[in-house]
Amino acid sequence: MAKIIVVTSGKGGVGKTTTSASIATGLAKRGKKTVVIDFDVGLRNLDLIMNCERRVVYDFVNVINGEATLTQALIKDKHVDNLYILAASQTRDKDALTKEGVEGILNKLAETYDFIICDSPAGIEHGAQMALHFADEAIVVTNPEVSSVRDSDRILGILQSKSRRAELGMDPVGEHLLLTRYNPERVLKGEMLAVEDVKEILAIKLLGVIPDSQSVLNASNQGVPVILDENSDAGQAYSDAVDRLLGEDKEHRFLDIQKKGFFKRMFGG
Amino acid sequence: MLLSVKRIHENMHASTSLSENYVQLKGSLVPMTVMELFQFDSAKIESSLAQIISQAPGFFEGAPIIIALEKVADEDIVIDFAKLLESCAALRIKPVAVRGGTLIQQLAAKKSGLAVVPSNKGRQDPKTVPIEPFANESATQEAPATKPVLEEVSSPQESPDIAPKAEPEQMEESPQEAEMVTTKIIYQPVRSGQQVYARGGDLIILAAVSPGAEILADGNIHVYGPLRGRALAGVRGNTEARIFCQSLEAELVSIAGQYKISEDLQKSGWKSSSQVCLIDDKLTITPLSK
Ligand SMILES: Nc1ncnc2c1ncn2[C@@H]1O[C@H](COP(=O)(O)OP(=O)(O)OP(=O)(O)O)[C@@H](O)[C@H]1O
Ligand SMILES: [Mg+2]
């Protein structure tokens with residue numbers, strides 16, 4: 001049975017798209033048939049990170065409106081097998097996503113795929129609600145700062161009350177905390193919240209901690225999801241997170257300050 | 001069956017007409033929020049009202065309000081009720097009546113569609129002031145310029161028309177009906193943006209209450225987790241209501257409308273298990289562990 005996972009946050013720019021690309025790639029690499037959908041109608045940047053922007057012919061909204069079939073709109077990923085991308089439309093507005101339309105597409109995809117990853121737009125409005133509505137699980141991407149934690153809390157409330165699972169009184173949406181852009185040095189200086197603080201406030205299971213890393217920017221500039229940069233700290237952290245998502249028990253890494261030499265290497269200093 | 005019940009009713013109120021099957025007037029005590037006016041400056045009033053309401057958004061929304069005039073410093077001041085009502089409408093509160101004040105102020109209030117309720121203390125009888133010019137301006141001639149101002153719908157007990165035999169029924173009608181006291185239990189965290197209200201009873205939360213969340217109860221509130229949002233107990237005026245929490249880190253706590261915000265709370269009991277209650281009408285925080 002297909003699992004629908006929404007990558008959401010409330011707050012913008014915290015790393016949802018980066019996470020969607022890496023988690024989807026990681027699942028596909030482990031042999032799971034995976035599709036990743038960009039719900040950020042009007043902005044569209046998942047295809048940039050996955051380096052398939054030049055191959056977009058039809059998008060999500062075209063399929064909802066019946067202007068293209070799913071097969072026509074799904075773009076096969078160049079880096080790994082088993083992975084497909086459904087791009088967002090740049091030209092339509094967010095209301096083009098109707099509940100019925102989204103449900104129809106998800107049901108169709110569920111027939112063939114093991115995992116459906118939904119990259120949510122920022123905010124708590126229509127687009128974000130459409131992205132999370134049909135989710136079985138949610139990856140709540142959070143940065144270690146108060147405003148991001150507050151917005152994540154808000155999104156968790158919406159998952160509890162507005163998701164299909166909540167509305168039908170089914171088992172609640174599974175909640176995973178993914179702390180991204182974590183910088184242990186700044187935590188030590190008191191400029192950022194510590195993992196423990198965030199865990200305590202949000203009170204949900206920790207899926208992973210992704211360090212704040214230059215490797216993410218490098219990867220995104222090259223159009224390669226950072227999880228494929230196996231030597232990078234962020235890539236390894238994402239890889240661990242995928243293993244945990246599949247039920248493996250892995251110790252959390254990159255929580256403490258790394259040795260100077262390591263940092264120098266990372267930043268080429 | 002239904003018919004016979006109606007018959008009994010008709011017999012018991014032989015003197016009243018058939019209208020009783022459609023409408024009935026009953027005396028009742030309803031707790032209401034009172035807005036005390038000290039001075040009148042519509043802009044200043046609107047901004048300070050907005051500030052008060054922002055402390056507990058949602059709590060006052062649509063609430064009926066009585067405007068109390070007993071504490072207005074300058075008796076001759078002209079109160080622009082139309083303006084005041086506009087400000088209140090913008091803030092989504094609904095004044096329904098004025099209390100106290102001078103005859104002129106009460107007349108002005110009536111012209112704006114407000115009722116006048118008797119003052120419970122202070123200026124029992126409004127000062128007699130020349131009212132002629134005002135009465136002339138009044139559009140409706142029957143403005144009760146010379147009649148007593150306070151024409152209350154008398155409650156049944158005070159009405160001499162009602163025969164003693166009606167008493168048993170009055171008992172039945174009195175608000176002492178054994179109300180079911182319900183307790184609402186919440187097992188999950190109450191998240192930012194969520195609101196939980198236990199109507200007519202207590203509220204028990206077995207998890208954290210996040211900043212930006214709001215929990216309300218007509219009765220007591222218990223939080224077995226950190227209380228970081230807003231908690232309002234006794235929201236319908238029960239001054240006996242209390243708040244108990246494992247760790248007091250709230251944005252606001254309130255009992256029967258009296259509140260303290262986080263800034264004040266940090267001075268006592270912050271992040272420790274505490275009890276919030278009214279002592280001598282004053283919101284008081286006491287530690288739970290002795
Ligand atoms: N772990 C990280 N270390 C350093 N930079 C990061 C990290 N994660 C994300 N970024 C950078 O943060 C920026 C925002 O990331 P991303 O686009 O994934 O966020 P988003 O949540 O999808 O944003 P939006 O809300 O606009 O959709 C990008 O420039 C990205 O490269
Ligand atoms: Mg994005």
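Numbered from 1 within each chain, the chains take letters A, B, ... in sequence-line order.
One distance of note links CZ of A/Arg150 with OG of B/Ser210; it measures 8.5 Å at 0.5 Å rounding. With rounding to the nearest 0.5 angstrom, the CZ atom of B/Arg191 is 9.5 Å from the OG atom of A/Ser152. Atom CD of B/Gln188 is separated from atom CG of A/Leu156 by 11.0 Å, given to the nearest 0.5 angstrom. For the atom pair A/Gln160 CD and B/Gln194 CD, the distance stands at 5.0 Å (nearest 0.5 Å).
The 12-atom threshold is not exceeded at CD of B/Glu240, counting heavy atoms of other residues, nucleotides or ligands nearer than 6.0 Å. The number of heavy atoms from other shown groups lying within 6.0 Å of NZ (A/Lys250) is above 12. In B/Gln39, the CD atom is not crowded: 12 or fewer heavy atoms of neighbouring residues, nucleotides or ligands sit closer than 6.0 Å. No more than 12 heavy atoms of other residues, nucleotides or ligands sit less than 6.0 Å from atom CD of A/Glu125.
Your options are B/Gly225, B/Gly193, B/Ser192, B/Ala208, and the one with the most heavy-atom pairs under 4.5 Å with chain A is B/Ser192.
For A/Glu200, the parts sitting under 4.5 Å from any heavy atom of chain B are the backbone and the side chain alike. In this structure, chain B has heavy atoms under 4.5 Å from both the backbone and the side chain of A/Leu202. Residue A/Leu159: no heavy atom, backbone or side chain, is found under 4.5 Å from chain B.
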